[in-house]
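Report on the structure given below.
In this chain, numbering begins with 1 at the start of the sequence shown.
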Amino acid sequence: MAAINAIAKDWADELRDGIAWVIVWKTGRSWNATAVWLNSDDDTFEPEDLEQARKILAQDPNAVMLNGYYCGHFGEDMTVAELAAGIRWHYENGYNLLDDSTAFPPEPMERPADLPASLPWYGKATSAEPDPYVYDGYMSPEDYEHMHELMAADRQHEDAQQAEHPPDDEPAELRSPPTMDLTLTLTPDTASALLDAITPQIVKFWESVKSWVNEVAKALGEIAAAIGKAAATAVNNFVDAMLYNANDRPKWWHLYKHAKKRRTRKKYRRLLMQQLTRKLAAAASG
């Protein structure tokens, strides 16, 4: 049975940082808690957290949702005992109830009775085009799947149309210019006059070439630097993937990624690296 002081100790960093929201509920006499990070666009639950929040309410309708920045009785310098007192104060007085949280997205609007069954229904009033690759709960699973079937059919139709009728209205600047054969007969005098006439243009041309070469060299240097950054990013992503898969403490991962203070993120990255190193050493010796 988890005591409230243990909950306060386990989730002290989240309550102090004020980034995550900590949901606290009771099952019998046992205290429970979990942290969620809201969608940054509209401050609502992510789909997986939404499902978890509903399950928590089914266990405890008096569950509370707390944040050290937005809720009273919390502060960055509070001790664990003071944080526990703050949690108890909110829970026993019914403040910041999970059930009343605006983090729950509005319920989807009902599908109109006269809407043809062949058209998917998005049950949210919005002027913005919904992202077809993010399932946000405003479509039924059947409508969401049907929408993607229609999108795939549209792409196939467009590809077939292009294959059957290739575009013939290519812009004039992209078309190959007409060609012709030209034969010139030059005398020494005309050749000399022609050379005098084109020499300044040749000099100008080579100056342009030199400038172009310098620009290309500069661009190649920038590309090399960008490749270096991309390589560094790839290495960081690889290390993060190893840290995530070797991690037994979800709290550490969330603090590494979401803690407000840089030193906190650095601290938990170090802990995750130590955990990974221990597991790699154990695997090598075993």
Side-chain angles (χ1 to χ4, degrees), residues 1-40 43-101 103-104 240 242-279:
M1 180 178 69
I4 192 169
N5 284 344
I7 294 296
K9 180 180 179 181
D10 288 343
W11 301 99
D13 290 326
E14 286 81 0
L15 289 169
R16 290 172 180 145
D17 280 345
I19 298 176
W21 287 82
V22 179
I23 301 175
V24 181
W25 73 101
K26 293 183 74 175
T27 49
R29 297 177 59 189
S30 180
W31 292 85
N32 310 274
T34 189
V36 296
W37 284 261
L38 302 182
N39 185 304
S40 58
D43 288 331
T44 59
F45 287 120
E46 298 288 356
E48 60 274 13
D49 293 330
L50 176 60
E51 182 180 357
Q52 183 182 29
R54 287 171 174 161
K55 289 180 179 178
I56 291 171
L57 280 176
Q59 297 177 45
D60 182 4
N62 297 317
V64 292
M65 184 171 170
L66 307 174
N67 181 285
Y69 183 80
Y70 293 103
C71 302
H73 288 257
F74 295 112
E76 289 187 7
D77 300 325
M78 277 189 167
T79 65
V80 169
E82 290 170 333
L83 292 173
I87 295 172
R88 185 183 297 277
W89 183 85
H90 282 277
Y91 187 90
E92 293 183 350
N93 288 283
Y95 292 118
N96 295 294
L97 290 172
L98 172 61
D99 196 27
D100 295 336
S101 175
F104 286 99
D240 272 0
M242 293 183 66
L243 294 177
Y244 181 82
N245 285 288
N247 181 32
D248 297 326
R249 303 285 296 274
K251 175 185 172 183
W252 287 5
W253 176 262
H254 285 302
L255 287 171
Y256 162 46
K257 286 297 182 181
H258 301 286
K260 184 187 301 182
K261 297 177 181 177
R262 183 177 179 275
R263 65 176 181 269
T264 302
R265 297 194 300 272
K266 185 176 180 181
K267 168 188 173 183
Y268 282 94
R269 189 180 193 278
R270 185 171 64 252
L271 290 173
L272 289 168
M273 286 294 294
Q274 292 172 351
Q275 178 181 235
L276 174 61
T277 301
R278 287 195 301 269
K279 289 196 171 185

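Residue Ile23 holds its CD1 atom at 11.5 Å from CG of Asp60, rounded to the nearest 0.5 Å. Note that the CG atom of Asn32 and the CD1 atom of Ile7 stand 6.0 Å from one another [nearest 0.5 Å]. Atom CG of Leu243 is separated from atom NZ of Lys257 by 8.5 Å, given to the nearest 0.5 angstrom. Rounding to the nearest 0.5 Å gives a distance of 12.0 Å between CG of Leu38 and CD1 of Ile19. To the nearest 0.5 Å, atom CG of residue Asp240 and atom CZ of residue Arg269 are 6.0 Å apart.
Sorted by first and then second residue, the pairs that involve residues 43-62 and meet ring-ring contact (aromatic ring centres under 6.0 Å, His included), not counting sequence neighbours, are Phe45-Phe104. Applying the side chain to side chain donor-acceptor pair (under 3.5 Å) definition to pairs two or more places apart or across chains, none involves residues 63-76. Pairs of residues two or more places apart, or lying in two chains, that qualify as side chain to side chain donor-acceptor pair (under 3.5 Å) and include a residue from residues 5-20 are Asp13-Tyr268.
Gly75 and Leu83 get closest at one heavy-atom pair: O-CD2, 4.4 Å. A pairwise comparison of heavy atoms in Met78 and Glu82 identifies CA-OE1, 3.2 Å as the closest pair. Considering every non-hydrogen atom in both Ala35 and Ala20, the closest pair reads CB-CB, 4.2 Å. Contact between His258 and Trp37 at its shortest, heavy atoms only, is CB-NE1, 3.2 Å.
At least one side-chain heavy atom of Leu15 sits under 4.5 Å from a side-chain heavy atom of Ile87. A heavy-atom distance below 4.5 Å is not found between the side chains of Asn96 and Met65.
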Query raised in the report: Does the side chain to side chain contact (heavy atoms under 4.5 Å, CB included) test come out yes or no for Trp25 and Leu98, once each step is laid out?
Result: CA-CA 9 Å; Trp25 73 101; Leu98 172 61; over 6 Å; no
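Taking the side-chain contact (heavy atoms from CB on, under 4.5 Å) definition, one finds that Gln52 meets it with Thr34, Val36, Asp49, Ile56, sequence neighbours left out. In terms of the salt bridge (charged side-chain N to carboxylate O under 4.0 Å, His left out) criterion, residue partners of Lys279 (sequence neighbours excluded) are, by chain and number, Asp248. Residues passing the side-chain contact (heavy atoms from CB on, under 4.5 Å) test with Asn247, sequence neighbours excluded: Arg249, Trp252, Trp253, Leu272, Gln275.
His90 and Phe74 have parallel rings, their planes meeting at less than 30° on a 0 to 90° scale where 60° marks the start of perpendicular.
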